[in-house]
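Following: one structure in structure tokens, then a few remarks.
Residue indices begin at 1 and follow the sequence shown. The structure displayed is predicted, hence computed values, not measured ones.
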Amino acid sequence: MISLSKKITKFIVAPIVFFAVANAFAVPKKVIFGGENGWEQIESMSGLMKGVGRYGNDSLQLVTSTQQTDDSTDLLLTFDGKKVQDSTGHYEVVSNGLMYTSDAVRGKGAAVSRGDGFGIALKGDRTSMFGGQGRAGSFKIEFWLSPSLAENGETVFNWRSSFNSRSYSKYQMISATFFSSHLRWKFNNIFSGYECDEVVLDGISTVVPKKWSRHTLSFDEETGALEYCVDGRTEAILFVTESGHENATVCEANLGVAAKIEICPEYTGKIDNFRIDRKLNESNGLFTGNEKFKIDGGRFKTKPILVSHSAVLDEISADMNLPSQTEVRFYVRSGDNCYEWDENTPAWKEVVPGEKISGVQGLYFQLLAELLPDGGGANTPSVSEITLSYTEQDDPLPPFTIYAEPGDGCVRLSWSNSVDNSAGGYYVYYGNRSGEYLGVVALEGASPIKVGKRTSITLNGLKNGTIYYFAVSSYSNVDSRISGELSKEVFARPSARLSKLE
């Protein structure tokens, strides 16, 4: 509650009065997301990750296709942080000699191997492909490489174990090793019933040093197709069937005793987004082509932002990077009670940065944005900062003068019109203690009483001999819930010796 002395000062010192009148207008304000403020106001986010925006601040952009996981993902190493860990939780890092680098092809970071025999070793749990024993089913191994030299013998992937049965024991191995500037895959004693114990797939494209390329090895247990692709193009394929051709009985992949897998044990260069999937469908975020980003894009939604009653959203602006064919779509909504909101209510309104917005006002604002890549999934838009510009109705000024005339069981109040043309009416406050307007006895209602544009009122039903204190405030012509400061306080004591007032 504002003190009486402050009120009197404001209303008898002319310069202060005129200063208030000059500012009795709607007040432009802003809410900023991102930039130096960060993205703490984000309520939910899907299909997005943080990148580097303007001035080194975080921006929001689409996650890469290989950074998605689902129930079929067996292993995913994104290398996006200095601590390397499996995103699925199926594998434990036993040892790690790789170094972190921000020079990545996917996400924030990649790993650097120095070729000194200290790559990364992982041990799978019983639910993982290399942590159990038996039929492997369909699988896909994928990673990105940027080798320093691609010399013969450099090994990117290695798994060694043995398969034991009642009658025999066989040594097993799966490896990916450079040979003549190509990557060669070897499978020893993996496919039961196949005519050869060793299966070899050789790439035909030269792996160029210091250039990123995507390598994918897949096995389809339905057809027996074992295929190796580089950047989405088939390099080698054979059918692991009893006849060595299509449409024949498939020789199943069977893995023996659980053993650790080694990534980059003898390799010099960078590696990024190493993953293993147990299915070949598209739901795991992998594509048959060379899409870098998921075509359906991503989105984020802010928390409801508290502004003020009847705040009006004027426009939004956004600091974005929009490569050719990419797009960012923005939606806003508003209301007075965000606790009753759901995903679709109140309805979202699409808006365009820099264009005037109409019909969006309330106590809360909320923003939603959709980020869409180009048609080939090769480029992502990014958003570094978003500004919501809105107008907040300034509190209307109270009446300059107020008078109280006591009567028999009543008090007549009168006041001057507010000099603020934004005032839409008045509230009358009353009570038995100075500065505390908690009165309830007047026949006209409990404090405060909304009297509209009138400049006088008689309060009846008051107790004779009791002192009452009064003040008046103006409310906004935009919304009566927006009430300004109180006028100076006056008092009066009804008495039976006085006349009734009308």
Side-chain angles (χ1 to χ4, degrees), residues 71-75 124 127-143 152 155-207 213-259 261 275-284 286-290:
D71 292 340
S72 68
T73 308
D74 187 63
L75 167 68
T127 66
S128 67
M129 179 173 170
F130 292 102
Q133 182 173 350
R135 188 169 65 88
S138 298
F139 62 87
K140 181 182 288 188
I141 302 173
E142 181 177 74
F143 48 82
N152 287 351
T155 301
V156 178
F157 177 79
N158 190 51
W159 175 78
R160 299 171 184 267
S161 183
S162 61
F163 186 87
N164 300 313
S165 70
R166 294 179 180 178
S167 57
Y168 62 90
S169 177
K170 283 190 175 183
Y171 163 77
Q172 288 188 309
M173 182 184 74
I174 301 175
S175 65
T177 305
F178 277 103
F179 178 76
S180 297
S181 298
H182 307 96
L183 202 60
R184 168 178 286 180
W185 288 87
K186 281 188 179 182
F187 298 82
N188 292 92
N189 298 313
I190 300 296
F191 301 101
S192 301
Y194 192 60
E195 60 180 354
C196 297
D197 290 339
E198 183 177 81
V199 177
V200 178
L201 289 181
D202 274 319
I204 57 176
S205 297
T206 299
V207 179
S213 56
R214 170 181 160 208
H215 301 260
T216 306
L217 185 286
S218 63
F219 173 70
D220 187 343
E221 67 172 339
E222 298 294 326
T223 64
L226 183 66
E227 183 178 17
Y228 169 49
C229 297
V230 176
D231 291 333
R233 299 183 301 272
T234 299
E235 298 277 304
I237 185 170
L238 61 83
F239 289 89
V240 189
T241 63
E242 290 182 355
S243 67
H245 302 287
E246 295 182 70
N247 304 318
T249 302
V250 174
C251 299
E252 295 180 344
N254 285 282
L255 303 183
V257 178
I261 60 175
R275 68 180 295 143
I276 301 173
D277 285 281
R278 305 295 294 273
K279 292 182 181 179
L280 304 184
N281 58 39
E282 299 301 317
S283 64
N284 56 30
L286 300 176
F287 298 85
T288 56
N290 195 29

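- Counting only heavy atoms from C-beta outward, the side chains of V199 and Y194 approach each other to under 4.5 Å.
- Checked by atom type and distance alone, the side chain of S138 pairs as donor or acceptor with a backbone atom of E221 at under 3.5 Å.
- With rounding to the nearest 0.5 angstrom, the NZ atom of K140 is 14.5 Å from the CZ atom of R278.
- Checking side-chain atoms of S175 against main-chain N and O of T177 turns up no donor-acceptor pair under 3.5 Å.
- Shortest non-hydrogen contact noted between L201 and I237 is CD2-N, 4.3 Å.
- Side-chain contact between F239 and V250 is absent, with no heavy-atom pair separated by less than 4.5 Å.
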Tell me, with the steps shown, if F219 and F191 meet ring pair (Phe, Tyr, Trp, His ring centres under 6.0 Å). CA-CA 11 Å; F219 173 70; F191 301 101; 5.2 Å; yes
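- Partners of E252 according to the side chain to side chain donor-acceptor pair (under 3.5 Å) rule, which considers only residues two or more places apart in sequence or in another chain, do not exist here.
- Minimum interatomic distance between K170 and D197 (heavy atoms only, all atoms of both residues): NZ-OD1, 3.9 Å.
- Taking the six-membered ring for Trp and thresholds of 30 and 60 degrees, W185 and F187 have nearly parallel ring planes, at less than 30 degrees apart.
- Here the CZ-CG distance, from F143 to L217, works out to 8.0 Å after rounding to the nearest 0.5 Å.
- Counting heavy atoms from C-beta outward, S213 and V207 have side chains that approach closer than 4.5 Å.
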Checking T127 against D74 for the side chain to side chain contact (heavy atoms under 4.5 Å, CB included) test, could you report, in this order, the C-alpha distance in whole Å, the side-chain angles of both residues, the deciding distance, and whether it holds? CA-CA 9 Å; T127 66; D74 187 63; over 6 Å; no
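- Note that OG1 of T216 and CD of E227 are 9.0 Å apart. Values are rounded to the nearest 0.5 Å.
- The distance from atom CG of L238 to atom NE2 of H245, rounded to the nearest 0.5 Å, is 11.5 Å.
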Worked verdict on L75 versus I261 for side chain to side chain contact (heavy atoms under 4.5 Å, CB included): CA-CA 11 Å; L75 167 68; I261 60 175; 3.8 Å; yes
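- Contact of the L183 side chain with the F178 side chain is registered, since non-hydrogen atoms from C-beta on lie closer than 4.5 Å.
- When all heavy atoms of S162 and S169 are compared, the pair lying nearest together is CB-OG, 4.4 Å.
- Nearest heavy-atom pair, F157 versus T155, reported as atom, atom and distance to 0.1 Å: O-CG2, 3.4 Å.
- Residues N152 and S181 approach most closely at OD1-N, 4.3 Å, considering heavy atoms.
- Judged by distance alone, the side chain of N189 and the main-chain N or O of Y171 form a donor-acceptor pair under 3.5 Å.
- Here the side chain of Q172 pairs a donor or acceptor atom with the backbone of N254 at under 3.5 angstrom.
- In terms of heavy-atom proximity, G137 sits nearest to F139 at O-CD2, 3.4 Å.
- Between Y228 and H215, the two ring planes are parallel [angle under 30°; tilted spans 30° to 60°].
- Looking at D231, its side chain does come within 3.5 Å of a backbone N or O of R214 through a donor-acceptor pair.
- Contact annotation: the side chain of I190 approaches that of W159 to within less than 4.5 Å [non-hydrogen atoms, C-beta and beyond].
- Residues H182 and E235 form no side-chain contact, since every pair of their non-hydrogen atoms from C-beta on lies 4.5 Å or further apart.
- Between T241 and E246, the closest side-chain pair of non-hydrogen atoms is not below 4.5 Å.
- Here R135 contributes atom CZ and S192 contributes atom OG; the two are 11.0 Å apart, rounded to the nearest 0.5 Å.
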